[in-house]
Structure formats: structure tokens, C-alpha cells
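Everything on this sheet refers to the single structure shown next.
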Amino acid sequence: MDIIRLKNVKKQYKNGTTAIYDLNLNIEKGSFVFIIGGSGSGKSTLMKMLYREEKPTKGQIVVGGLNVAKLRNSKVYKLRRKLGIVFQDYRLLPKQTVYENVAFAMEVIGATKQETRIRVLKALEIVGLKNKVHSYPDQLSGGEQQRVAIARAIVNNPKMLLCDEPTGNLDPEKSIEIMKIIEKINKDWGTTVLVVTHDKEIVNRMKKQVITLKEGRLVNNKVKGTYDNENT
Amino acid sequence: MKILRMLGRSIRDAFKSVFRNFSLSLASISCITITLIIVAISIIASYNVSNFTEEIEKDLTIVVFVENDATEEQIETIKERLKDISNINQKEIKYESKKQIKEEMQKESDIFNAVMADWDEKDNPLKDTFQIKVNKAEEISKTAKQIEKIEKVSLVRYGEGMVDKLIAAFESIKKVTYGAVLALILVTIFLIINTIKLTIYSRKREISIMRLVGASNFTIKTPFIVEGMFLGLLGSIIPILIVIFGYPALYDKMNGYVFTPLVNLIHPNPFIYTVSLMIAIIGIIVGMIGSSSAVRKYLKV
């Protein structure tokens with residue numbers, strides 16, 4: 001079953017640049033997919049359209065049964081509750097503790113205190129930060145901050161985890177740590193994972209499905225792909 | 001249950017955020033405070049002006065002189081006809097016969113007494129009168145004209161000219177002060193919206209993260225609106241203190257009037273509490289409007 005379906009999707013920004021030309025793509029439930037491509041390939045735009053930060057100019061996008069292209073502004077939260085999103089710059093709240101940052105995602109959907117507590121501690125355990133619940137983000141290393149962000153993304157048990165350059169700010173060692181956590185979530189919970197990256201090392205090492213974009217077009221979709229120079 | 005829980009969270013977050021963003025909160029609060037002080041002063045001024053004009057207007061009297069040859073029955077009909085005019089205050093129609101007037105005048109001065117002492121009923125050149133108060137002072141001349149048409153009424157006097165001008169002046173003073181208060185409140189709203197926009201701008205990131213983790217617009221807006229109301233309430237504390245302690249002090253110092261005992265100030269109790277309540281409500285509403293309009297901008301993708 002496909003959890004993501006794109007049909008004839010085109011995205012043109014207001015300044016006239018076209019980021020995506022006529023993209024057709026299906027992603028199966030439970031899969032682990034890398035989206036790679038050079039800068040300007042449209043991979044970030046694709047990601048933004050999946051969580052409805054951007055609307056496609058043309059075409060149809062269905063994510064987890066929701067027609068994203070037609071989703072009204074005030075209903076965007078319905079989509080976001082099905083997704084966990086991780087960014088390169090972590091996007092944590094600096095004035096809140098690790099616990100509060102993760103609990104935030106539970107509170108805004110109206111979970112009870114006990115439920116929040118159980119789920120937050122579980123999520124922090126998965127990312128290996130149970131001993132740092134009372135720290136503030138600026139007291140943590142980059143890798144640890146990204147792990148908090150992952151905990152926040154998975155705390156309400158989303159169907160999909162979207163990661164936009166999750167290791168972009170980290171050294172290779174920490175990057176692998178982060179990817180292992182993401183892989184574990186994919187395996188243990190069956191969460192569909194999409195990772196946008198340009199980190200060759202990781203893509204080659206993990207041997208997952210790789211979708212390659214080039215200048216706004218899909219050029220390659222391999223089940224066990226690698227990051228070839230010719231693709232970029 | 002869920003709504004209650006989220007409302008509780010909104011209120012808790014609002015309080016937390018006031019203290020966590022203390023310097024910006026202080027900026028908003030002081031902006032609200034200063035404008036509310038000005039609003040409070042203009043409310044007090046406009047209430048006093050309209051109170052004063054109303055008091056003067058209440059004292060306006062129309063005197064109706066009855067013709068000398070009117071019989072008692074005719075006087076009774078005049079009274080009935082006066083009662084039919086809607087602008088006339090029904091309870092304040094006072095009849096005085098010329099005999100009563102003569103006696104009153106005699107009491108007032110020795111000279112009158114000497115002159116009038118030997119007038120008898122037939123010689124008395126004075127006229128029977130009705131003294132009338134009106135409900136709407138601005139319609140006094142129209143009412144006077146209506147009275148003139150009544151049979152056996154010889155003269156109607158209310159201090160024409162002078163009174164008309166005075167009433168026109170009062171009406172325009174009232175309009176000007178109401179306009180000033182309204183304009184001030186609008187300026188306050190505008191100022192507060194801008195200050196709160198500043199505080200919310202600094203939390204753009206927080207709002208975008210809330211949207212990312214699946215908060216509905218309602219969930220995002222509520223804490224900000226509660227915070228705006230809270231800021232408005234905090235901002236109204238000093239203006240309210242100024243009203244509660246300042247106005248009675250002013251009242252005592254002026255002995256309750258401005259320049260002449262004719263121009264009375266409104267008694268502080270319960271006036272200051274009414275004004276305080278108004279200030280608090282204006283503060284809360286303005287804070288609410290300010291923050292909800294400021295946050296709306298960031299709720300579009």
C-alpha cells in the first residue's frame with residue numbers, strides 16, 4: 001500500500017523558478033527512502049510539499065489518505081499529526097527543557113499529563129537521552145539536540161517520519177548514530193521514513209531505497225541504491 | 001475534558017510566557033499603562049462635562065404666563081394640554097397663581113412689600129404662571145412654540161437666545177469629548193497591537209514549531225490571546241490606582257467644584273469604581289484584540 005502518492009506534480013515559485021517538473025512518485029508504507037540530489041534539484045521543495053509548507057502549482061499529492069494539495073490552511077494540523085518532521089537546524093525551543101520540548105508535541109494535541117509523561121520518557125529512551133530530561137537545548141551537543149528533535153517527532157507515534165538533512169550539521173560519527181536511531185524506528189515501529197540528504201557516506205552505507213532528483217525531475221529510483229557521482 | 005485541559009494549558013502557558021519574555025512583556029505593559037492613563041483622564045473629564053451639562057439642563061425652566069381673563073376652568077385645560085406635550089416633564093409642572101407670586105415677592109423685599117401691600121385681587125397686574133421643566137433641553141424652543149399655541153396662554157419665556165446658545169455649546173463640548181475618548185481608545189488599540197506584534201514576532205519560531213508538531217490554529221492562538229488579556233489587565237493596574245487615589249484627592253482639594261459651586265464635580269463614590277472597571281475592561285479587550293490580530297499573521301503557512 002502506498003502511503004505517499006504524487007501525480008503530475010509541478011511546483012513553480014512566485015518568482016518564476018520551477019523547482020519540480022511533472023513528478024510522479026509512489027512510496028510504500030513502512031519503507032525507508034533516501035531522497036538525494038544536488039542543490040537546486042528540488043528535493044527540499046518536494047519535502048516541503050509533503051508536509052504542506054508549500055502547495056504544488058499543479059498535480060495531486062496524497063499523504064496518508066489526505067489530499068495535501070487541496071488541504072485548507074486551517075486544517076494543516078490534521079496532516080502534521082500524522083507526520084514527524086526533523087530538520088537540519090533541530091528547531092527546538094531554547095527556553096524549554098528537553099522534556100518540555102518533547103512534551104510540547106503531545107500537549108498541543110491535547111494529551112493527558114500521564115499519557116504525555118509515559119510517551120515522552122519512552123521517546124527519550126529510544127533516542128538515548130533519558131538522563132538529560134532537565135537540560136536545556138544549549139547545554140547539549142549538536143547530535144544530542146538532533147536526538148531531542150527526533151524524540152519530539154516520534155512522540156505521538158506518527159505514520160511517517162520526514163527528515164530534511166538531519167545530519168547536515170553533524171560530524172560523520174554522530175551522523176551514523178542519528179541514522180541508526182532513525183533506522184531502528186523504521187524497523188521497530190514500521191514508521192515510513194523519508195530522508196533528504198546529500199551525505200554520500202550514509203547513503204552508500206545503509207543500502208536503502210534511493211530516489212534521485214535532478215533539476216526538478218526524477219532521474220533514478222533504486223531499491224538498494226547508492227550515491228553515484230553521475231547522479232548528482 | 002480535552003477542551004478544558006487545553007484551556008488550562010493555555011492559561012498556564014500565558015502566565016509562563018509573560019515571565020519568560022519579561023522585558024518584552026514590560027514594554028507592552030508600560031505602553032498599555034501610559035495610554036490607559038490618558039484614556040482614564042479623558043473618561044473622567046468627559047463624564048464630568050456631561051454630568052455638568054446635564055445638571056444645568058435639568059435646571060432650565062419654561063415659564064408660561066396665562067392671560068388675565070382666564071377662568072379657573074380654562075387654567076385647568078391649559079394644565080391638561082401641557083401634560084399632552086411629550087417633552088414636558090410630567091412631574092414638574094408647577095402652577096402658581098398671581099396671588100401666590102405677589103406674596104412671594106413681598107416676602108423677598110421691603111420695597112416690593114411697600115408697593116404691593118395695597119393691591120387687591122383685581123388690581124394685581126401679575127399673571128398666573130406655570131413653571132415647566134423639559135426632558136430634552138435641545139428641544140426646548142420647539143416645546144415653547146407648542147405651548148404658545150395653547151388658548152389663553154399669553155407669553156412663554158425660557159431665556160431664549162442665551163439658553164439656545166448655551167445648549168448648543170454643551171452639545172458640541174459633549175461631542176468633542178466623546179470623540180476624543182473614542183480616538184484615544186483607537187490609538188491605544190493601534191499602539192498595543194504594534195507592541196504585541198513585536199513580542200509575537202520574537203516568537204515566530206515558537207509558532208512555526210507549534211504548527212509543525214500539529215497544533216491547530218485554535219491551540220496556537222489561545223495562549224497568545226490569554227497572554228494579551230493578561231498584559232492588558234496588568235497594564236490597567238497603575239491607571240486604576242491613579243483613578244482610585246487621584247480623583248478623590250482632586251475632589252477634596254477642589255471642594256467638589258471647578259471655579260464656582262455651579263460647576264460640580266461628580267462625587268468619587270461610586271464614580272471611581274465605575275471608571276476603574278471601564279479601564280480594566282478596556283485594557284483586557286484591547287490586549288485581546290491586539291494579540292489576536294498580531295498572531296493571525298503568523299498562522300498563514
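By convention in this document, chain letters (A, B, ...) are assigned in the order of the sequence lines, proteins followed by strands, and residues within each chain are numbered from 1.
Annotation: A:Lys82, atom NZ; neighbour count of heavy atoms from other residues, nucleotides and ligands within 6.0 Å is above 12. The environment of OH in B:Tyr47 is sparse: at most 12 heavy-atom neighbours from other residues, nucleotides or ligands sit within 6.0 Å. Atom CZ of B:Phe190 has 12 or fewer neighbouring heavy atoms from other residues, nucleotides or ligands inside a 6.0 Å radius. The 12-atom threshold is exceeded at CD1 of B:Ile289, counting heavy atoms of other residues, nucleotides or ligands nearer than 6.0 Å.
Without hydrogens or angle criteria, A:Arg81 side chain to B:Gly214 main chain gives a donor-acceptor distance under 3.5 Å. B:Arg205 places no side-chain N or O within 3.5 Å of a backbone atom of A:Leu93 that could act as its donor or acceptor partner.
Taken from CD in A:Glu53 to OG in B:Ser208, the straight-line distance is 7.5 Å, to the nearest 0.5 Å.
Shown here for A:Val108 and B:Val213, the closest heavy-atom pair between the two residues is CG2-CG2, 3.7 Å.
Salt bridge present: B:Arg12 and A:Glu107 bring a charged side-chain N and a carboxylate O closer than 4.0 Å. Between A:Glu100 and B:Lys16 there is a salt bridge, with a side-chain nitrogen of the basic residue lying less than 4.0 Å from a carboxylate oxygen of the acidic one.
Within the 4.5 Å cutoff, no side-chain heavy atoms of B:Thr219 are placed close to those of A:Tyr77. Under the 4.5 Å side-chain criterion, counting only non-hydrogen atoms from C-beta, B:Ile209 is in contact with A:Phe104.
Heavy atoms of A:Ile109 lying under 4.5 Å from chain B belong to its backbone as well as its side chain.
Contact tally against chain B (heavy-atom pairs below 4.5 Å) for A:Ser74, A:Ala111, A:Ala153, A:Pro158: the top residue is A:Ala111. Ranked by heavy-atom pairs under 4.5 Å with chain B, the first of A:Leu92, A:Leu83, A:Thr112 is A:Thr112.
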